[in-house]
Structure formats: C-alpha cells, structure tokens
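The first residue of the sequence shown is numbered 1, and numbering continues consecutively from there.
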Amino acid sequence: MNRKKLQKLTDTLAKNCKHFNKFEVNCLIKLFYSLVGTVERQGLVIGLDRNAFRNILHVTFGMTDDMIMDRVFRGFDKDNDGCVNVLEWIHGLSLFLRGSLEEKMKYCFEVFDLNGDGFISKEEMFHMLKNSLLKQPSEEDPDEGIKDLVEITLKKMDHDHDGKLSFADYELAVREETLLLEAFGPCLPDPKSQMEFEAQVFKDPNEFNDM
C-alpha cells in the first residue's frame with residue numbers, strides 16, 4: 001500500500017476510533033497488511049480469515065479454547081463475511097485492548113451468548129465451562145463438577161432467578177465483582193500479553209512524523 005493510501009486510510013479510521021490515536025491506528029494498519037500479505041486479490045475480500053485470526057489469538061494473546069476463539073472471531077467479524085477486514089481489525093482491537101468496562105461487558109456477553117438469543121443459558125455455560133476447565137483424571141464424572149459450577153454461577157449472577165443470565169443480570173454481577181467479566185472463559189487479552197503486543201506494535205512515533 002503506498003504512503004498516500006495509507007495516510008488516507010489512517011485518517012479515516014482514526015476519526016472513528018476512540019481508543020487509539022493516529023499513530024497507533026497507522027501501526028495497526030501496517031500490521032494488518034503484513035499479516036494478510038499485501039496481495040490485493042481481485043474481487044476477493046482482503047482480510048484475515050478464521051484460521052489466520054485464531055492463530056493471532058493463540059500466538060499473541062495465549063488463547064487456547066477453540067470455542068471462545070471462534071466467538072471472538074465472530075465478535076470482530078461484524079459483517080459476517082468470514083473475514084476480518086481492516087476496519088473490523090481496528091475497531092475490534094480498540095475494544096479488545098482498551099475498551100471501557102461497558103464496552104467489554106457487551107462484548108463478553110455477546111461472546112458467551114452462543115446462540116445469540118440475548119441470554120446465557122445453563123447449556124451455554126455448561127459448554128463453555130466444560131471447555132475451559134482442566135479435566136481431573138480422578139473424577140468419576142467430570143460433568144457433575146461442571147453442573148455444580150453452573151449452579152454456583154447462576155446463584156451468584158442470576159439476579160431475577162429465571163434460570164438464565166440476561167445482560168442486566170450479567171452487568172449487575174460484573175459491576176459487583178469485575179472478575180466475573182470473563183466468568184465463562186478468557187475472551188480478552190491478559191494484561192501481560194496486551195502490554196507486550198502494544199509495546200511491539202506501537203514503536204517509534206518519530207517515524208510517523210515523516211509521513
């Protein structure tokens with residue numbers, strides 16, 4: 001991508017991005033194109049497909065849970081075309097790395113609401129917790145332990161006692177105890193990998209002044 005095009009894209013994306021400054025947006029665009037490879041294929045969407053994106057989540061942010069990585073991909077891929085384009089990349093990372101608590105709550109809730117019906121059901125909790133917990137070889141029936149955990153979680157978070165979590169339940173619980181933000185699996189970067197990512201990507205602001 002030539003300098004002029006890059007400058008224009010940076011200006012456009014930085015305007016609508018509240019958590020990154022222009023320099024940071026510029027760095028992220030460069031990173032995006034280096035990840036995608038700069039081949040502009042005629043008529044094809046330029047972007048990161050599910051595998052490339054999951055690879056980034058795994059290698060850069062240490063995520064290992066397939067189901068959660070899949071849901072994070074969907075959270076980024078707003079237009080559902082199977083690719084994260086440069087706009088979705090910037091907006092997604094803005095929330096992923098620096099979102100406010102409100103933004104992160106909405107994002108995590110969407111990740112955990114597997115069927116998109118506006119609730120996190122017992123079944124959904126069970127699936128996610130089953131994936132994220134290590135199996136203990138000694139346990140007779142590990143599923144029993146997970147069912148207990150689902151019940152405990154519901155007791156703690158289900159404020160209106162309807163046997164599932166609405167966003168209002170979830171929000172109340174998280175405001176009381178921020179650790180519950182990722183109650184059903186790690187779908188945000190941990191502080192260490194976030195810092196490492198930012199330190200690596202946002203280098204040398206002087207370079208930006210030459211543009």
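- Taking 4.0 Å as the cut-off between side-chain N and carboxylate O, Glu102 and Arg175 count as a salt-bridged pair.
- The shortest heavy-atom contact between Ile120 and Phe184 is CD1-CE1, 4.1 Å.
- Here the side chain of Asp113 pairs a donor or acceptor atom with the backbone of Gly118 at under 3.5 angstrom.
- Hydrophobic clustering keeps Phe20 apart from Met195 (ILVMFWY residues linked when any side-chain heavy atoms are closer than 4.5 Å, directly or through intermediates).
- Checking His19 against Glu103 by side-chain atom types alone, a donor-acceptor pair falls below 3.5 Å.
- Between the Asp143 side chain and the Lys147 main chain, no donor and acceptor come within less than 3.5 Å of each other.
- Judged purely by atom type and a 3.5 angstrom limit, Asp158 uses its side chain to pair as donor or acceptor with the backbone of Asp162.
- If you chain together hydrophobic residues whose side chains sit under 4.5 Å apart, Val201 and Leu188 fall into the same group.
- In this structure, Ser193 contributes its side chain and Pro189 its backbone to no donor-acceptor pair below 3.5 Å.
- The shortest distance between side-chain heavy atoms of Glu171 and Met105 falls below 4.5 Å.
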Glu151/Lys122 under salt bridge (charged side-chain N to carboxylate O under 4.0 Å, His left out): CA gap, chis, key distance, verdict: CA-CA 8 Å; Glu151 292 306 327; Lys122 278 187 178 184; 3.1 Å; yes
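- Using a 4.5 Å heavy-atom threshold, the side chains of Cys187 and Phe112 count as touching.
- Residues Phe119 and Leu129 fall into different hydrophobic clusters, defined by Ile, Leu, Val, Met, Phe, Trp and Tyr side chains chained together at heavy-atom separations under 4.5 Å.
- The main-chain N or O of Lys8 is never found under 3.5 Å from a side-chain atom of Asp11 such that the two would form a donor-acceptor pair.
- Partner of Arg50 under the salt bridge (Lys or Arg N to Asp or Glu O under 4.0 Å) criterion, chosen from Asp70, Asp77, Asp81: Asp70.
- Between the side chain of Glu124 and the main chain of Asn115, a donor-acceptor pair closer than 3.5 Å is present.
- At distances below 3.5 Å, not a single donor-acceptor pair connects side-chain atoms of Glu196 with backbone N or O atoms of Phe61.
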Verdict with supporting geometry, Arg98 and Glu24, salt bridge (charged side-chain N to carboxylate O under 4.0 Å, His left out): CA-CA 12 Å; Arg98 299 187 178 171; Glu24 291 165 337; 2.9 Å; yes
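- The shortest non-hydrogen separation linking Leu97 to Lys104 is O-NZ, 4.2 Å.
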Chi angles and distances behind the salt bridge (charged side-chain N to carboxylate O under 4.0 Å, His left out) call for Arg54, Asp66: CA-CA 8 Å; Arg54 282 171 52 139; Asp66 283 337; 2.6 Å; yes
